There are 2 protein chains.
Amino acid sequence: MTTILRNIEKHVSLGRSETETLLSFFQNIPVSKKELIIHQGRLCDMLFFVESGSFRAYHLNKDGKESTIMFAPEDWWVTDMNAFLNGTPSLLSLEALEDSKIYAIGRKNFDLALDKIPQLERFFRILFQRAYIREQLRVLDNISLTTEERYLNFISKYPQLVQKVTQKQIASYLGVTPEFLSSLKKK
Amino acid sequence: MTTILRNIEKHVSLGRSETETLLSFFQNIPVSKKELIIHQGRLCDMLFFVESGSFRAYHLNKDGKESTIMFAPEDWWVTDMNAFLNGTPSLLSLEALEDSKIYAIGRKNFDLALDKIPQLERFFRILFQRAYIREQLRVLDNISLTTEERYLNFISKYPQLVQKVTQKQIASYLGVTPEFLSSLKKK
DNA sequence: AGTTAGGCTTAATCTATCTTAAGTTTATTT
DNA sequence: AAATAAACTTAAGATAGATTAAGCCTAACT
(Lines give C-alpha, C1' and ligand atoms only; values in the text may rest on other atoms or scores of the structure.)
Protein backbone atom coordinates (compact mmCIF):
# COMPACT_ATOMS: atom_id res chain seq x y z
CA MET A 1 0.00 0.00 0.00
CA THR A 2 1.24 3.48 -0.71
CA THR A 3 2.53 5.59 2.15
CA ILE A 4 -0.10 8.22 1.50
CA LEU A 5 -2.95 5.75 1.98
CA ARG A 6 -1.38 4.36 5.10
CA ASN A 7 -1.17 7.90 6.42
CA ILE A 8 -4.80 8.65 5.69
CA GLU A 9 -6.01 5.35 7.08
CA LYS A 10 -4.54 6.23 10.44
CA HIS A 11 -7.67 8.32 10.93
CA VAL A 12 -10.37 7.24 8.45
CA SER A 13 -11.01 4.21 6.27
CA LEU A 14 -11.65 4.37 2.57
CA GLY A 15 -13.37 1.97 0.20
CA ARG A 16 -11.60 0.54 -2.86
CA SER A 17 -13.15 2.93 -5.35
CA GLU A 18 -12.51 5.93 -3.11
CA THR A 19 -8.92 4.85 -2.83
CA GLU A 20 -8.59 4.80 -6.58
CA THR A 21 -10.32 8.13 -7.01
CA LEU A 22 -8.10 9.68 -4.42
CA LEU A 23 -4.84 8.40 -5.84
CA SER A 24 -5.81 9.65 -9.29
CA PHE A 25 -5.70 13.21 -7.91
CA PHE A 26 -2.07 12.96 -6.83
CA GLN A 27 1.13 13.05 -8.78
CA ASN A 28 4.19 11.35 -7.44
CA ILE A 29 7.25 13.58 -7.91
CA PRO A 30 10.95 13.08 -7.15
CA VAL A 31 12.72 16.10 -5.72
CA SER A 32 16.44 16.49 -5.43
CA LYS A 33 18.30 17.96 -2.51
CA LYS A 34 18.12 21.78 -2.31
CA GLU A 35 15.35 21.96 -4.88
CA LEU A 36 12.50 24.36 -4.02
CA ILE A 37 8.94 23.11 -4.39
CA ILE A 38 7.42 26.38 -3.13
CA HIS A 39 8.90 29.77 -4.00
CA GLN A 40 8.32 32.78 -1.77
CA GLY A 41 6.42 35.47 -3.66
CA ARG A 42 4.86 33.12 -6.19
CA LEU A 43 1.43 31.54 -5.99
CA CYS A 44 1.20 28.13 -4.37
CA ASP A 45 -1.75 25.95 -5.33
CA MET A 46 -0.27 22.60 -4.36
CA LEU A 47 -0.51 20.56 -1.21
CA PHE A 48 2.27 18.04 -0.66
CA PHE A 49 2.72 14.79 1.19
CA VAL A 50 6.30 13.76 1.92
CA GLU A 51 6.68 10.12 0.97
CA SER A 52 10.40 10.04 1.68
CA GLY A 53 13.07 12.57 2.51
CA SER A 54 12.45 15.87 4.29
CA PHE A 55 11.87 19.57 3.75
CA ARG A 56 12.36 22.93 5.39
CA ALA A 57 10.05 25.95 5.04
CA TYR A 58 11.60 29.38 5.49
CA HIS A 59 10.82 33.04 5.02
CA LEU A 60 13.23 35.75 3.88
CA ASN A 61 12.46 39.24 5.18
CA LYS A 62 13.35 42.53 3.48
CA ASP A 63 16.80 42.62 5.14
CA GLY A 64 17.58 39.12 3.91
CA LYS A 65 17.16 37.56 7.33
CA GLU A 66 15.96 33.98 7.07
CA SER A 67 13.39 32.48 9.45
CA THR A 68 12.62 28.78 9.46
CA ILE A 69 8.89 28.24 9.93
CA MET A 70 8.75 24.47 9.95
CA PHE A 71 10.40 21.22 9.06
CA ALA A 72 8.49 18.52 7.19
CA PRO A 73 9.87 15.02 7.66
CA GLU A 74 8.71 11.85 5.97
CA ASP A 75 5.01 10.99 6.31
CA TRP A 76 4.12 14.68 6.72
CA TRP A 77 1.65 16.96 4.92
CA VAL A 78 3.03 20.33 4.00
CA THR A 79 2.39 23.49 1.99
CA ASP A 80 2.18 27.22 2.52
CA MET A 81 -1.35 26.78 3.82
CA ASN A 82 -2.07 30.50 3.78
CA ALA A 83 -1.15 30.83 0.13
CA PHE A 84 -2.82 27.52 -0.76
CA LEU A 85 -6.11 28.42 0.89
CA ASN A 86 -6.34 32.11 0.10
CA GLY A 87 -4.62 32.29 -3.27
CA THR A 88 -2.20 34.94 -1.99
CA PRO A 89 1.52 34.97 -2.88
CA SER A 90 3.52 32.53 -0.81
CA LEU A 91 5.30 33.85 2.26
CA LEU A 92 7.49 30.77 2.36
CA SER A 93 9.95 28.80 0.34
CA LEU A 94 9.98 25.04 0.77
CA GLU A 95 13.30 23.35 0.18
CA ALA A 96 14.30 19.68 0.11
CA LEU A 97 16.86 18.87 2.80
CA GLU A 98 17.80 15.70 0.90
CA ASP A 99 16.68 13.76 -2.16
CA SER A 100 12.98 13.17 -1.57
CA LYS A 101 9.76 11.88 -3.04
CA ILE A 102 6.47 13.68 -2.69
CA TYR A 103 2.84 13.33 -3.65
CA ALA A 104 1.29 16.56 -4.90
CA ILE A 105 -2.35 17.57 -5.27
CA GLY A 106 -3.59 20.85 -6.78
CA ARG A 107 -6.10 23.12 -5.12
CA LYS A 108 -8.91 22.24 -7.51
CA ASN A 109 -8.39 18.52 -7.07
CA PHE A 110 -8.15 19.02 -3.34
CA ASP A 111 -11.60 20.60 -3.32
CA LEU A 112 -12.89 17.89 -5.65
CA ALA A 113 -11.49 15.15 -3.46
CA LEU A 114 -13.17 16.64 -0.39
CA ASP A 115 -16.47 16.71 -2.25
CA LYS A 116 -16.26 13.19 -3.59
CA ILE A 117 -14.80 11.46 -0.55
CA PRO A 118 -16.59 12.68 2.56
CA GLN A 119 -14.23 10.87 4.94
CA LEU A 120 -11.50 13.24 3.81
CA GLU A 121 -13.27 16.10 5.57
CA ARG A 122 -12.80 14.23 8.82
CA PHE A 123 -9.24 13.33 7.94
CA PHE A 124 -8.24 16.90 7.25
CA ARG A 125 -10.30 18.18 10.19
CA ILE A 126 -8.16 16.01 12.45
CA LEU A 127 -4.98 16.96 10.61
CA PHE A 128 -5.61 20.72 10.92
CA GLN A 129 -6.82 20.38 14.48
CA ARG A 130 -3.50 18.82 15.40
CA ALA A 131 -1.56 21.33 13.33
CA TYR A 132 -3.34 24.14 15.14
CA ILE A 133 -2.48 22.64 18.52
CA ARG A 134 1.14 22.24 17.49
CA GLU A 135 1.47 25.82 16.34
CA GLN A 136 -0.27 27.14 19.42
CA LEU A 137 2.13 25.22 21.65
CA ARG A 138 5.00 26.69 19.66
CA VAL A 139 3.64 30.20 20.22
CA LEU A 140 3.49 29.45 23.94
CA ASP A 141 7.09 28.22 23.78
CA ASN A 142 8.18 31.33 21.93
CA ILE A 143 6.69 33.80 24.33
CA SER A 144 7.23 31.98 27.61
CA LEU A 145 10.55 30.10 27.45
CA THR A 146 14.18 31.15 27.27
CA THR A 147 16.14 30.39 24.12
CA GLU A 148 18.07 27.72 25.99
CA GLU A 149 14.87 25.95 27.03
CA ARG A 150 13.53 26.14 23.50
CA TYR A 151 16.73 24.69 22.09
CA LEU A 152 16.63 21.77 24.52
CA ASN A 153 12.95 21.22 23.70
CA PHE A 154 13.79 21.17 20.03
CA ILE A 155 16.53 18.58 20.20
CA SER A 156 14.55 16.31 22.50
CA LYS A 157 11.41 16.63 20.37
CA TYR A 158 13.01 16.18 16.95
CA PRO A 159 16.16 14.10 17.51
CA GLN A 160 16.06 12.65 13.97
CA LEU A 161 15.90 16.13 12.45
CA VAL A 162 18.92 17.34 14.38
CA GLN A 163 21.02 14.97 12.24
CA LYS A 164 19.71 16.37 8.96
CA VAL A 165 19.76 20.11 9.49
CA THR A 166 22.51 22.64 10.07
CA GLN A 167 22.86 24.60 13.27
CA LYS A 168 22.19 27.74 11.30
CA GLN A 169 18.80 26.32 10.36
CA ILE A 170 18.00 25.40 13.94
CA ALA A 171 18.95 28.92 15.01
CA SER A 172 16.64 30.39 12.40
CA TYR A 173 13.86 28.10 13.64
CA LEU A 174 14.39 29.35 17.17
CA GLY A 175 14.60 32.95 15.99
CA VAL A 176 18.17 33.66 17.10
CA THR A 177 21.47 34.14 15.29
CA PRO A 178 23.75 31.15 14.64
CA GLU A 179 26.48 32.90 16.64
CA PHE A 180 24.25 33.11 19.66
CA LEU A 181 23.18 29.48 19.41
CA SER A 182 26.80 28.47 19.09
CA SER A 183 27.70 30.29 22.29
CA LEU A 184 24.70 28.75 24.07
CA LYS A 185 25.92 25.27 23.19
CA LYS A 186 29.33 25.92 24.67
CA LYS A 187 27.76 26.02 28.12
CA MET B 1 -31.57 32.72 14.44
CA THR B 2 -29.00 32.10 17.12
CA THR B 3 -25.52 33.52 16.72
CA ILE B 4 -24.02 30.05 16.77
CA LEU B 5 -26.06 28.90 13.79
CA ARG B 6 -25.27 32.05 11.89
CA ASN B 7 -21.60 31.36 12.53
CA ILE B 8 -21.79 27.78 11.31
CA GLU B 9 -23.83 28.69 8.26
CA LYS B 10 -21.05 30.96 7.08
CA HIS B 11 -19.40 27.78 5.82
CA VAL B 12 -21.98 24.96 5.59
CA SER B 13 -25.75 24.72 5.52
CA LEU B 14 -27.81 22.57 7.86
CA GLY B 15 -31.32 21.14 7.57
CA ARG B 16 -34.00 21.88 10.13
CA SER B 17 -33.63 18.61 12.03
CA GLU B 18 -29.83 18.88 12.07
CA THR B 19 -30.17 22.35 13.45
CA GLU B 20 -32.31 21.08 16.29
CA THR B 21 -30.02 18.16 16.99
CA LEU B 22 -27.05 20.46 17.04
CA LEU B 23 -28.53 23.03 19.37
CA SER B 24 -29.58 20.30 21.79
CA PHE B 25 -25.88 19.55 22.36
CA PHE B 26 -25.08 23.05 23.53
CA GLN B 27 -25.77 24.83 26.78
CA ASN B 28 -26.05 28.57 26.86
CA ILE B 29 -24.18 29.97 29.88
CA PRO B 30 -23.76 33.52 31.20
CA VAL B 31 -20.28 34.35 32.46
CA SER B 32 -19.39 37.36 34.54
CA LYS B 33 -16.33 39.51 34.13
CA LYS B 34 -13.12 37.91 35.48
CA GLU B 35 -14.73 34.51 35.81
CA LEU B 36 -12.60 31.57 34.58
CA ILE B 37 -14.22 29.02 32.31
CA ILE B 38 -11.00 27.00 31.90
CA HIS B 39 -8.57 26.50 34.78
CA GLN B 40 -4.92 25.76 34.11
CA GLY B 41 -3.99 22.34 35.50
CA ARG B 42 -7.53 20.95 35.43
CA LEU B 43 -9.06 18.86 32.68
CA CYS B 44 -10.96 20.71 29.99
CA ASP B 45 -13.59 18.77 28.10
CA MET B 46 -15.62 21.72 26.84
CA LEU B 47 -15.52 23.67 23.61
CA PHE B 48 -16.96 27.18 23.75
CA PHE B 49 -18.53 29.60 21.33
CA VAL B 50 -18.56 33.25 22.43
CA GLU B 51 -22.04 34.61 21.79
CA SER B 52 -21.29 37.99 23.36
CA GLY B 53 -18.46 39.51 25.35
CA SER B 54 -14.82 38.43 25.12
CA PHE B 55 -12.16 36.23 26.72
CA ARG B 56 -8.44 35.97 27.23
CA ALA B 57 -6.43 32.74 27.42
CA TYR B 58 -3.21 32.82 29.41
CA HIS B 59 -0.56 30.53 30.82
CA LEU B 60 1.25 30.92 34.13
CA ASN B 61 4.75 29.45 34.24
CA LYS B 62 6.58 28.14 37.31
CA ASP B 63 7.97 31.60 38.12
CA GLY B 64 4.49 33.14 38.02
CA LYS B 65 5.12 34.84 34.69
CA GLU B 66 1.92 35.19 32.70
CA SER B 67 1.77 34.69 28.91
CA THR B 68 -1.33 35.56 26.93
CA ILE B 69 -1.92 32.94 24.25
CA MET B 70 -4.99 34.34 22.58
CA PHE B 71 -7.97 36.61 22.79
CA ALA B 72 -11.45 35.35 21.92
CA PRO B 73 -13.89 38.08 20.90
CA GLU B 74 -17.57 37.70 20.11
CA ASP B 75 -18.47 35.13 17.44
CA TRP B 76 -15.34 33.11 18.15
CA TRP B 77 -14.76 29.43 18.98
CA VAL B 78 -12.37 28.82 21.83
CA THR B 79 -11.00 26.22 24.21
CA ASP B 80 -7.66 24.75 25.26
CA MET B 81 -7.67 22.60 22.15
CA ASN B 82 -4.75 20.52 23.32
CA ALA B 83 -6.46 19.59 26.58
CA PHE B 84 -9.83 19.19 24.87
CA LEU B 85 -8.53 16.84 22.22
CA ASN B 86 -5.99 14.83 24.17
CA GLY B 87 -7.56 14.76 27.62
CA THR B 88 -4.43 16.21 29.20
CA PRO B 89 -4.50 18.87 31.94
CA SER B 90 -5.10 22.32 30.60
CA LEU B 91 -2.07 24.55 30.00
CA LEU B 92 -4.29 27.61 29.88
CA SER B 93 -6.79 29.54 31.89
CA LEU B 94 -9.61 31.25 30.03
CA GLU B 95 -10.96 34.40 31.63
CA ALA B 96 -13.88 36.65 30.73
CA LEU B 97 -12.73 40.18 29.93
CA GLU B 98 -16.30 41.44 30.48
CA ASP B 99 -19.73 40.02 31.22
CA SER B 100 -20.28 37.49 28.45
CA LYS B 101 -22.53 34.76 27.13
CA ILE B 102 -21.22 31.49 25.76
CA TYR B 103 -22.45 28.27 24.23
CA ALA B 104 -20.67 25.19 25.59
CA ILE B 105 -20.45 21.66 24.20
CA GLY B 106 -18.79 18.70 25.94
CA ARG B 107 -16.26 16.45 24.27
CA LYS B 108 -18.62 13.50 24.03
CA ASN B 109 -21.34 15.59 22.45
CA PHE B 110 -18.79 17.16 20.14
CA ASP B 111 -17.87 13.70 18.84
CA LEU B 112 -21.54 12.75 18.62
CA ALA B 113 -22.39 15.90 16.72
CA LEU B 114 -19.61 15.23 14.22
CA ASP B 115 -20.95 11.72 13.70
CA LYS B 116 -24.57 12.74 13.30
CA ILE B 117 -24.10 15.88 11.25
CA PRO B 118 -21.53 15.25 8.53
CA GLN B 119 -21.44 18.89 7.44
CA LEU B 120 -19.82 19.70 10.76
CA GLU B 121 -16.70 17.85 9.69
CA ARG B 122 -16.34 20.34 6.88
CA PHE B 123 -17.17 23.25 9.14
CA PHE B 124 -14.53 22.36 11.69
CA ARG B 125 -12.06 21.40 8.98
CA ILE B 126 -12.31 24.96 7.69
CA LEU B 127 -12.22 26.41 11.19
CA PHE B 128 -9.06 24.52 12.17
CA GLN B 129 -7.45 25.16 8.83
CA ARG B 130 -7.83 28.89 9.40
CA ALA B 131 -6.76 28.60 13.02
CA TYR B 132 -3.63 26.78 11.90
CA ILE B 133 -2.85 29.49 9.37
CA ARG B 134 -3.36 32.19 11.98
CA GLU B 135 -1.05 30.55 14.49
CA GLN B 136 1.58 29.90 11.86
CA LEU B 137 1.56 33.55 10.84
CA ARG B 138 1.93 34.46 14.49
CA VAL B 139 4.96 32.19 14.79
CA LEU B 140 6.45 33.92 11.76
CA ASP B 141 5.76 37.28 13.39
CA ASN B 142 7.35 36.14 16.64
CA ILE B 143 10.58 34.95 15.12
CA SER B 144 11.02 37.50 12.35
CA LEU B 145 9.76 40.89 13.54
CA THR B 146 10.90 43.36 16.18
CA THR B 147 8.72 43.94 19.22
CA GLU B 148 7.79 47.35 17.91
CA GLU B 149 6.59 45.91 14.60
CA ARG B 150 4.60 43.25 16.41
CA TYR B 151 2.97 45.83 18.64
CA LEU B 152 1.95 47.95 15.66
CA ASN B 153 0.62 44.84 13.90
CA PHE B 154 -1.40 43.99 16.96
CA ILE B 155 -3.12 47.34 17.33
CA SER B 156 -3.88 47.62 13.63
CA LYS B 157 -5.16 44.03 13.48
CA TYR B 158 -7.30 44.08 16.63
CA PRO B 159 -8.34 47.70 17.17
CA GLN B 160 -11.54 46.71 19.00
CA LEU B 161 -9.59 44.55 21.43
CA VAL B 162 -7.18 47.33 22.30
CA GLN B 163 -10.10 49.09 24.03
CA LYS B 164 -10.95 46.09 26.19
CA VAL B 165 -7.60 44.84 27.39
CA THR B 166 -4.89 46.31 29.58
CA GLN B 167 -1.45 47.15 28.34
CA LYS B 168 -0.07 44.51 30.65
CA GLN B 169 -2.13 41.93 28.80
CA ILE B 170 -0.94 43.16 25.42
CA ALA B 171 2.65 42.97 26.68
CA SER B 172 2.10 39.40 27.82
CA TYR B 173 0.62 38.58 24.39
CA LEU B 174 3.72 39.99 22.71
CA GLY B 175 6.01 38.20 25.14
CA VAL B 176 7.62 41.30 26.67
CA THR B 177 7.36 43.00 30.06
CA PRO B 178 4.80 45.78 30.60
CA GLU B 179 7.65 48.15 31.49
CA PHE B 180 9.29 47.55 28.17
CA LEU B 181 6.07 48.02 26.23
CA SER B 182 5.46 51.24 28.11
CA SER B 183 8.86 52.58 27.12
CA LEU B 184 8.26 51.54 23.50
CA LYS B 185 5.06 53.56 23.40
CA LYS B 186 6.81 56.71 24.58
CA LYS B 187 8.64 56.85 21.28
C1' DA C 1 43.30 16.30 -5.18
C1' DG C 2 42.84 21.15 -4.92
C1' DT C 3 39.87 24.91 -4.50
C1' DT C 4 36.05 27.33 -2.92
C1' DA C 5 31.88 28.25 -0.46
C1' DG C 6 29.51 27.70 3.48
C1' DG C 7 29.09 26.35 8.28
C1' DC C 8 30.87 26.67 12.92
C1' DT C 9 33.39 29.06 16.66
C1' DT C 10 35.17 32.82 19.42
C1' DA C 11 35.51 37.35 21.08
C1' DA C 12 34.68 42.38 21.30
C1' DT C 13 31.31 45.73 21.14
C1' DC C 14 26.68 47.39 20.77
C1' DT C 15 21.56 47.21 21.40
C1' DA C 16 17.26 45.27 23.06
C1' DT C 17 15.02 43.78 26.80
C1' DC C 18 14.60 42.48 31.81
C1' DT C 19 14.74 43.54 36.71
C1' DT C 20 14.04 46.26 40.45
C1' DA C 21 12.17 49.96 42.59
C1' DA C 22 9.83 54.23 43.22
C1' DG C 23 6.20 57.43 42.08
C1' DT C 24 1.72 58.37 39.80
C1' DT C 25 -2.60 57.49 37.94
C1' DT C 26 -6.75 54.74 37.38
C1' DA C 27 -9.99 51.30 38.75
C1' DT C 28 -12.17 48.47 42.33
C1' DT C 29 -13.81 47.51 46.86
C1' DT C 30 -15.64 48.82 51.40
C1' DA D 1 -16.03 59.10 49.59
C1' DA D 2 -12.24 56.86 51.43
C1' DA D 3 -9.28 53.13 51.10
C1' DT D 4 -7.04 49.65 48.60
C1' DA D 5 -5.36 47.35 44.87
C1' DA D 6 -3.89 47.29 40.33
C1' DA D 7 -2.17 49.50 36.18
C1' DC D 8 0.97 52.58 34.07
C1' DT D 9 5.31 55.31 33.88
C1' DT D 10 10.13 56.34 34.52
C1' DA D 11 14.78 55.42 35.28
C1' DA D 12 19.13 52.87 36.72
C1' DG D 13 21.63 48.86 36.46
C1' DA D 14 21.93 44.02 34.78
C1' DT D 15 21.56 40.33 31.21
C1' DA D 16 20.29 38.32 26.76
C1' DG D 17 21.02 38.58 22.23
C1' DA D 18 22.76 41.02 17.79
C1' DT D 19 26.53 42.55 15.01
C1' DT D 20 30.94 42.47 13.14
C1' DA D 21 34.96 40.32 12.01
C1' DA D 22 38.46 36.86 12.08
C1' DG D 23 39.99 32.08 11.90
C1' DC D 24 39.04 27.27 11.33
C1' DC D 25 36.75 23.30 9.69
C1' DT D 26 33.86 20.53 6.67
C1' DA D 27 31.42 19.70 2.56
C1' DA D 28 30.64 20.67 -2.36
C1' DC D 29 32.57 21.71 -7.03
C1' DT D 30 36.08 21.33 -10.93
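Just so it is clear, the structure is predicted and the values come from calculations on it, not from any experiment. First the proteins, then the strands, lettered A, B, ... as listed; each starts at 1.
Between the CZ atom of Arg150(B) and the P atom of dA16(C) there is a distance of 15 Å, given to the nearest Å. Lys186(B) has its NZ atom 15 Å from the P atom of dA16(C), to the nearest Å. If you measure from atom CG of Leu184(A) to atom C1' of dT15(D), you get 13 Å, rounded to the nearest angstrom. In this structure, Tyr151(B) atom OH and dT17(C) atom P are separated by 15 Å, rounded to whole Å. Whole-Å rounding puts the Leu174(B) CG to dC18(C) C1' distance at 15 Å. In this structure, Ile143(A) atom CD1 and dT17(C) atom P are separated by 15 Å, rounded to whole Å. If you take NZ of Lys34(A) and C1' of dA27(D), they are 9 Å apart, rounded to a whole angstrom. dT26(C) atom C1' lies 16 Å from atom CD of Gln163(B), rounded to whole Å.
Nearest nucleotide to the Phe180(A) side chain, out of dA16(D), dC18(C), dT19(D): dA16(D). Proximity note for Thr166(B) (side chain, C-beta onward) versus dT17(C), dA7(D), dT9(C): the nearest is dA7(D). Out of dT9(C), dC8(D), dG7(C), the shortest distance to the side chain of Glu179(A) is found at dT9(C).
In terms of heavy atoms, Ile38(B) sits closest to Ser90(B) at CG2-OG, 3.3 Å. For Thr88(B) against Ala83(B), the heavy-atom pair with the smallest separation is O-CB, 3.2 Å.
A close approach under 4.0 Å does occur between a side-chain nitrogen or oxygen of Gln167(A) and OP1 or OP2 of dT9(C). Look at Thr177(B) and you won't find any side-chain N or O under 4.0 angstrom from OP1 or OP2 of dT17(C). Neither OP1 nor OP2 of dC18(C) sits under 4.0 Å from any side-chain N or O of Lys65(B).
Using a 4.0 Å heavy-atom criterion, one finds that Lys33(A) contacts the sugar-phosphate atoms exclusively. Residue-level contact check: Lys185(A) touches neither bases nor backbone, having no heavy atom under 4.0 Å from any strand. Backbone-only engagement by Thr147(B) is indicated by non-hydrogen atom pairs under 4.0 Å involving sugar-phosphate atoms exclusively. Residue Thr146(B) is out of contact with every strand shown, counting any heavy-atom pair closer than 4.0 Å.
A distance below 6.0 Å separates the ring centres of Phe154(B) and Tyr173(B). In summary, the aromatic rings of Phe110(B) and Phe124(B) are positioned with their centroids under 6.0 Å apart.
Axis orientation changes by 60° from one end of the helix from dT3(C)-dA28(D) to dT30(C)-dA1(D) to the other, with each end axis drawn from 5 pairs and the value rounded to 10°.
In this structure, Arg107(A) is positioned above the aromatic face of Phe84(A), its NZ or CZ under 6.0 Å from the six-membered ring centre and within 45° of the axis.
For the pair Arg56(B) and Glu66(B), the salt-bridge criterion is met [side-chain N within less than 4.0 Å of a carboxylate O]. Electrostatic pairing of Lys62(B) and Glu149(A) counts as a salt bridge here, judged by a charged N lying under 4.0 Å from a carboxylate O. With respect to the salt-bridge test (charged N to carboxylate O, under 4.0 angstrom), the residues Asp141(A) and Lys157(A) do not qualify.
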